[in-house]
Amino acid sequence: MKIPQFVLASASVARRRLLQTVGIEPIVCPSDFDESQIQLNEPEELVKTLAQCKAETVISQFPSALVMGCDSVLAIGNDIYGKPADAQEAIARWQFMQGNFGDLYTGHILIDTTKNQTVVKCQVTRVYFAKMSDRAIQAYVATGEPLQCAGAFALEGFGSLFVEKIAGCHSNVIGLSLPLLRQMIAELGYEVTDFWK
């Protein structure tokens, strides 16, 4: 069986690093999909739809590939948060999040362009945030890291200092659930080890 190329339809450095950590060297092809086109109020449907739209914008370039799309949001109560628009929004968000918890949803899609098959799944991880002073919040936002991330924090960066604990898949919070990826690859008839370089 010929093993297709593995394509990541995302500019996320964190997602690429996660794949590299487990031996997959993806072809990175950012989708540049305009996420503002999709307005959904249910976090699981939102991230699945956005992941699918991202992957579908690049599949025509890869006739023999597994194309992966992902999208993450943080839900606290009935509110859904993606990347903050600016530092002021990030500060306000952290003032609300600190001492609270949220659910990090990541939608995953794998499209096998060789077999014309698709698997779509969502992983949810609960994140508990530390209590923080206004000074710590402002210092964290000043690093610029929160502006690059859904939920305004990066578990693999400075943000790890301000996460008390997580319940569920650790890598999901970074942007891609590795256990879910293994299951999705198996559903398409491959072993994850087939993609090791």
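Everything numeric here is computed off the predicted structure, so don't read it as measured data.
Residues Cys169 and Pro179 have side chains in contact (heavy-atom distance under 4.5 Å, counting atoms from C-beta outward). Residues Leu66 and Tyr190 meet the side-chain proximity criterion, which asks for heavy atoms closer than 4.5 Å.
No donor-acceptor pair under 3.5 Å is formed between the side chain of Ser177 and the backbone N or O of Gln123. Judged by distance alone, with hydrogens and angles left aside, the side-chain atoms of Thr113 form a donor-acceptor pair with the main-chain N or O of Pro63 at under 3.5 Å. A donor-acceptor pair under 3.5 Å links the side-chain atoms of Glu42 to the main chain of Glu44, judged by distance alone. Asp112 places no side-chain N or O within 3.5 Å of a backbone atom of Gln117 that could act as its donor or acceptor partner. With hydrogens and angles ignored, the 3.5 Å screen pairs no side-chain donor or acceptor of Gln95 with any backbone N or O of Asp134.
For Glu187, the side-chain hydrogen bond (donor to acceptor under 3.5 Å, both in side chains) partners are Lys121, not counting sequence neighbours. Here Gln148 pairs with nothing under the side chain to side chain contact (heavy atoms under 4.5 Å, CB included) rule; sequence neighbours left out. Remark: Ala90 pairs with Pro84, Val141, Pro146, Leu147 by the side chain to side chain contact (heavy atoms under 4.5 Å, CB included) rule, at least two apart or across chains. For Ser36, the side-chain hydrogen bond (donor to acceptor under 3.5 Å, both in side chains) partners two or more places apart in sequence, or in a different chain, are Asp34. Under the rule for a side-chain hydrogen bond (donor to acceptor under 3.5 Å, both in side chains), the partners of Glu35 that lie at least two apart in sequence or sit in another chain are Lys54. Residues passing the side chain to side chain contact (heavy atoms under 4.5 Å, CB included) test with Ile27 are Gln5, Val7, Phe62, sequence neighbours excluded. Here Ser72 pairs with Arg15, Leu104, Thr106, Ala150 under the side chain to side chain contact (heavy atoms under 4.5 Å, CB included) rule; sequence neighbours left out.
Pairs engaging residues 115-136 under the ring-ring contact (aromatic ring centres under 6.0 Å, His included) rule: Trp94-Phe129, Phe101-Tyr128, Phe129-Phe153 [sequence neighbours left out]. Here side-chain hydrogen bond (donor to acceptor under 3.5 Å, both in side chains) pairs that include residues 77-90, with residues two or more places apart or in two chains, are Glu89-Arg93. Residue pairs meeting the ring-ring contact (aromatic ring centres under 6.0 Å, His included) criterion with at least one partner in residues 1-53, sequence neighbours excluded, are Phe6-Phe195. Among residue pairs with one or both ends in residues 154-168, none qualify as side-chain hydrogen bond (donor to acceptor under 3.5 Å, both in side chains); sequence neighbours excluded.
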Kindly list each side-chain donor-acceptor pair under 3.5 angstrom involving residues 16-24, sequence neighbours excluded, with atom names and distances?
from	atom 1	to	atom 2	distance (Å)
Gln20	NE2	Glu25	OE1	3.3
Gln20	NE2	Glu25	OE2	2.9
Thr21	OG1	Arg17	O	2.7

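Here the closest non-hydrogen pair linking Ala9 and Val58 is CB-CG2, 3.7 Å.
Side-chain contact of Thr114 with Ser64: a donor-acceptor pair under 3.5 Å is present, judged by distance alone.
Checking each of Thr118, Ile111, Val67 against Glu56 for a side chain to side chain contact (heavy atoms under 4.5 Å, CB included) leaves exactly one that passes, namely Ile111.
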